[in-house]
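Report on the structure given below.
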Amino acid sequence: MESVLLREIWQARKRISAITQPTPLIYSENLSALTNKSVHLKMENWNTTHSFKIRGAANKILSLSPEQRSRGITTFSTGNFGISVGYVAKQLGIKAVICISNRVPQAKVNVLEATGAEIKVIGSSQDDAERYSRELEQKHGLSVIHPFDDPKVIAGYGTMGLEILYDLPEVDTVLAGLSGGGLHSGLGVTLKTMHPDLRLIGLSTARGATMYESLQAGYPIELQEKDTLADSLLGGIGKNNQYTFSLVQAYVDEIKVLDEQLFADGMTYMLDKHRVIIEGAAASGIGAILHQQVHLGNHVVIVISGSSVDTSTILKLMKDKFG
Ligand SMILES: *Cc1c(COP(=O)(O)O)cnc(C)c1O
């Protein structure tokens, strides 16, 4: 796997420090007591843009030439990547056009609009949004910023692994939501290069487990998307996937496909026990542990990947659970 190197991840760490700060790793008293293991939460929800996507967006955009920056950028996204691209573009004074499908929840659309980027709602899948983004590239010369299948973006996500190892060198198990595989590619390069025995686990939604199904098939496939609490885990991996398919194949030890109840239980647990609102994709690790879906080592890190959720959604889940 020579496509992304650990050295590039260290370079990314330095580059993005102008735009974003490291996030805290907190010890979970409740989950540790429940599992008899030492369980920590990597609080990526506390990024300025409410998700880890700022790491990849910042590394990629800061690597563009002055000429590319002056022509502007475009991306297609289930929401969080677009929010991070919009934010970074605003910081750097770059014009950005964000293409999203009509499945992106209103909370994310509102935050997207607030970044000042131009928003285009196209079709009902990430693939539709991608096609439009490519058109903008061809017609107007905008640079397409890919949300996961790009070495610079993957290296940006890999910086999270450096922080985890710095804070908890004894870590032996890492759980995170898996969609396009950019996050797991970055974590895989960092964590597995430095700690080959560590277990890296991917958690996907049963309503669109494209990476899982693609690995089973042996090549990238396309799936029909359905609504899910874990909307950030929707989106294809691209028929012409260049990096993340093989990086996930090489580095991810296990992928679990989760039902809606697990995302709901993870979200309500986090609010009830830790007093923090997170989105479904980010609650996948907690849900998987609560429902004993994964075998844990002794020092576990759960990536709390983001918090872009409609307030009405979390309120309804809390009401269903606690009355
Ligand atoms: C993007 C995202 C993921 C999945 O990351 P991939 O690189 O697409 O696998 C998980 N959680 C949240 C909150 C996300 O925004």
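Every number for a ligand or one of its atoms is a count from 1 in the order of the listing.
Taking a 4.0 Å cut-off on heavy atoms, Gly181 registers as neighbouring ligand 1. Distances from ligand 1 to the non-hydrogen atoms of Phe81 include no value under 4.0 Å.
Both the backbone and the side chain of Leu183 come within 4.0 Å of ligand 1, counting heavy atoms alone. Under 4.0 angstrom from ligand 1, the non-hydrogen atoms of Leu233 all belong to its side chain.
At a threshold of 4.0 Å, the pair Glu130-Arg134 counts as salt-bridged, since one of the basic side-chain nitrogens sits closer than that to a carboxylate oxygen. Checked for salt-bridge contact, Glu163 and Arg55 meet the test: a charged N lies under 4.0 Å from a carboxylate O. A salt bridge between Arg131 and Asp127 is absent, with no side-chain N of the basic residue lying under 4.0 Å from a carboxylate O of the acidic one.
Between Tyr157 and ligand 1, no pair of N/O atoms sits closer than 3.5 Å. For the pair Gly180 and ligand 1, the shortest N or O to N or O distance falls below 3.5 Å. Between Phe52 and ligand 1, a contact under 3.5 Å exists for no N or O pair. Where the criterion is an N or O separation shorter than 3.5 Å, residue side chain and backbone included, Ser305 meets it with respect to ligand 1. In terms of polar-atom proximity, Glu279 is not counted as a contact of ligand 1, lacking any N or O under 3.5 Å from an N or O of the ligand. Looking at Lys53 next to ligand 1, an N or O pair under 3.5 Å apart turns up. On a distance-only criterion, Gly182 and ligand 1 share at least one N/O pair closer than 3.5 Å.
Centroid-to-centroid, the aromatic rings of His146 and Phe81 stay 6.0 Å apart or farther. In summary, the aromatic rings of Phe52 and Tyr157 are positioned with their centroids under 6.0 Å apart.
Annotation for Glu170: atom CD counts as buried by contact number, over 12 foreign heavy atoms lying within 6.0 Å.
Using a 4.5 Å cut-off on side-chain heavy atoms (C-beta onward), Ile201 and Val252 make no contact. At a threshold of 4.5 Å between non-hydrogen side-chain atoms, the residues Leu178 and Tyr212 do not count as touching.
Less than 4.0 angstrom separates some heavy atom of Ser179 from each of these atoms of ligand 1: 4 (C), 6 (P), 8 (O), 9 (O). Every atom of ligand 1 with a heavy atom of Gly177 under 4.0 Å away is listed here by number and element: 4 (C), 10 (C). Residue Gly306 approaches ligand 1 through these ligand atoms, each under 4.0 Å from one of its heavy atoms: 13 (C).
In this pair, His274 and Tyr269 present their aromatic rings tilted. The plane angle is within the 30 to 60° band.
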